[in-house]
> 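Dropping the structure in here first, questions after.
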Amino acid sequence: MNAPLLELRDLRRSVRLPSREELHILRGIDLSVESGDHVAIVGRSGSGKTTLLNLLGLIDHQTGGELLFDGLDVSRLGDRRRARLRGASIGFVFQQFNLLDGRTALENVMMPLMYGSAGQFWRREKLALEMLERVGLADRAQQLPSRLSGGEQQRVAVARALVRRPRLILADEPTGALDVTTGEAVMALLDEIARESEAALVTITHDLQVAALSRRSFLLDEGTLHDVRSDHAREALSATVGLRAGREAVAAPPAGTAPSARTSPPADAARTAPLQETQA
């Protein structure tokens, strides 16, 4: 049996405050993600989502536990090897798109290939055009970001994240700057491309409706992960978004229903489902 692409074992992250007190942000995260899987991690502001994302993206270092990428304990890697692994195997999609304003859509998508292999470098324009075509924007390749809609900008950002064919895609609030319909379309596109390339997709969000589009959903609460259908998650979500919305948003799909075909919550629950933001 193949090892999971991503495996977290009792992963912990703490920081020391100016008062010398230690702040425990992540208190022991256990998670296994297979290639081709789509996992959502939902939590309100200050719950540790960004910290967890930075650990998964090999940007920060854990203070305890293990983080294995394809069976490799990344805590044993130096910064240069971590950077090479991150550049070659991890793609990032952000809420604010982070496109270069003075560069065309094509040039934005080409940027990661400037640091790829020799083959990717010399074929960078062709590869970027192919990925723009895949996200339905080949005819907008020469447009600057300012001439694109929000949904088009996010699709350019998706193309940029995927152009090097990463094995892990980290989506940080990818629909936060989009309307509901456009956001759902972007998530469907991300999920489709991830499945085609057998990449693992991890979505970090505060929106239960976005989390419901994944195959597995977890609540990050008080530094630990809980299956979104667990009693702990139900209680926490009910207290945060209201009893009805909390229950309906985390309800398990009916018996015999595939995760991808789960029913959506009623419209009134959908309006209240995003978690209320609190101060970090």
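Keep in mind it's a predicted model, so treat the numbers as computed, not measured. Below, all heavy atoms of this structure are taken into account, side chains as well, without hydrogens, waters or symmetry copies.
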> Please name the pair of heavy atoms, one in Leu113 and one in Ala128, separated by the smallest distance, quoted to 0.1 Å.
CD1-N, 4.3 Å
> For Glu21, I'd like to know if atom CD has over 12 heavy atoms of other residues, nucleotides or ligands within 6.0 Å.
no
> Look up atom OG in Ser217 and atom CZ in Arg229, then write down how far apart they are to the nearest 0.5 Å.
8.5 Å
> Among residues two or more places apart or on two chains, list those pairs meeting salt bridge (charged side-chain N to carboxylate O under 4.0 Å, His left out) that have a residue in residues 57-66.
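Every salt bridge (charged side-chain N to carboxylate O under 4.0 Å, His left out) pair that includes a residue of residues 57-66, provided the two are not neighbours, is Arg9-Glu66.
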> Donor-acceptor pairs under 3.5 Å, side chain of residues 84-98 to any protein atom, not counting sequence neighbours: which ones?
residue : atom : partner : partner atom : Å
Arg86   : NH1  : Leu58   : O            : 2.6

> Is it the case that more than 12 heavy atoms not belonging to Glu133 sit under 6.0 Å from its CD atom?
no
> Rounded at 0.5 Å granularity, tell me how far CG in Leu170 sits from CG in Leu56.
6.0 Å
> Of all residues at least two apart in sequence or in a different chain, which pass the salt bridge (Lys or Arg N to Asp or Glu O under 4.0 Å) check with Asp73?
Arg76
> Step by step, work out the side-chain contact (heavy atoms from CB on, under 4.5 Å) result for Ile169 and Val158.
CA-CA 10 Å; Ile169 304 165; Val158 168; over 6 Å; no
> So which heavy atom on Leu132 is nearest to which on Ala141, and how close?
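Shortest heavy-atom separation between Leu132 and Ala141 comes out as CD1-CB, 3.8 Å.
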> Specify the closest pair of heavy atoms between Ser14 and Thr63, including all atoms of both residues, with the distance to one decimal.
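Heavy atoms only, the tightest pair is N-OG1, 3.0 Å.
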> Mind jotting down which residue pairs meet the salt bridge (charged side-chain N to carboxylate O under 4.0 Å, His left out) criterion with at least one end in residues 143-163? Sequence neighbours excluded, please.
Arg140-Glu152
> Taking atom CD1 of Ile25 and atom CG of Leu52, what is their separation to the nearest 0.5 Å?
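The distance works out to 11.0 Å.
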> Find the distance between CG (Leu144) and CG (Leu99) and round it off to the nearest 0.5 Å.
11.0 Å
> Checking Asp10 now: which residues fulfil salt bridge (Lys or Arg N to Asp or Glu O under 4.0 Å) with it, not counting sequence neighbours?
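Testing Asp10 for salt bridge (Lys or Arg N to Asp or Glu O under 4.0 Å), a comparison that skips the adjacent residues, returns Arg12.
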> Determine the minimum heavy-atom distance between Gly28 and Thr224, stating which atoms define it.
O-CG2, 4.4 Å
> Quick check on the hydrophobic clustering: are Leu68 and Ile59 connected, directly or via other members, by side-chain heavy-atom contacts under 4.5 Å?
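They do not share one cluster, since no chain of ILVMFWY contacts under 4.5 Å joins Leu68 to Ile59.
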> Under the ring-ring contact (aromatic ring centres under 6.0 Å, His included) rule, what pairs show up with a residue in residues 38-69, not counting sequence neighbours?
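Matches after skipping sequence neighbours: none remain.
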> Do Val228 and Leu53 share a hydrophobic cluster, counting only Ile, Leu, Val, Met, Phe, Trp and Tyr and linking them when any side-chain heavy atoms are less than 4.5 Å apart?
no
> Using side-chain hydrogen bond (donor to acceptor under 3.5 Å, both in side chains) as the criterion, list what pairs up with Thr182, not counting sequence neighbours.
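Applying side-chain hydrogen bond (donor to acceptor under 3.5 Å, both in side chains) to Thr182 gives Asp179.
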> Counting C-beta onward and ignoring hydrogens, is there a side-chain heavy-atom pair between Leu31 and Val202 closer than 4.5 Å?
no
> Can you tell me how far the CG atom of Asp30 sits from the CG atom of Leu8, to the nearest 0.5 Å?
8.0 Å
> Please examine the side chains of Arg215 and Glu34, heavy atoms only from C-beta on, and report whether any two atoms are closer than 4.5 Å.
no
> Are more than 12 heavy atoms, taken from residues, nucleotides or ligands other than Phe121, located less than 6.0 Å from that residue's CZ atom?
yes
> Can you find a pair of side-chain heavy atoms, one from Thr203 and one from Leu213, that are under 4.5 Å apart?
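No, side chains not in contact.
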> Taking all non-hydrogen atoms of both residues into account, name the closest pair between Pro145 and Asn108 and its distance.
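Heavy atoms of Pro145 and Asn108 come nearest at CG-ND2, 4.0 Å.
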> Any salt bridge (charged side-chain N to carboxylate O under 4.0 Å, His left out) involving residues 107-125? Give me the pairs, sequence neighbours left out, ordered by first then second residue.
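Sorted result for residues 107-125: empty, none.
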> Starting from Met111, walk the hydrophobic network (Ile, Leu, Val, Met, Phe, Trp, Tyr; side-chain heavy atoms closer than 4.5 Å) and list everyone else you reach, by chain and number.
Leu100
> Would a single hydrophobic cluster contain both Leu67 and Leu220, if residues Ile, Leu, Val, Met, Phe, Trp and Tyr are joined by side-chain heavy-atom contacts under 4.5 Å?
yes
> Could I get the full list of side-chain hydrogen bond (donor to acceptor under 3.5 Å, both in side chains) partners for Glu196, not counting sequence neighbours?
Arg134
> Tell me, which pairs form a ring-ring contact (aromatic ring centres under 6.0 Å, His included) where one or both residues lie in residues 209-239, sequence neighbours left out?
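Output for this query lists His226-His232.
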> What heavy-atom pair brings Val42 and Ala211 nearest, and what distance separates the two atoms?
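Answer, listing the atom of Val42 first, then Ala211: CB-CB, 4.4 Å.
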> Out of curiosity, does Leu5 fall in the hydrophobic cluster containing Ile29 (side-chain heavy atoms, cut-off under 4.5 Å, transitive links)?
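Yes: a chain of side-chain contacts under 4.5 Å links Ile29 to Leu5.
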> Who passes salt bridge (Lys or Arg N to Asp or Glu O under 4.0 Å) against Asp70, sequence neighbours left out?
Arg167
> Are the side chains of Leu6 and Val39 in touch, meaning some heavy atoms are under 4.5 Å apart?
no
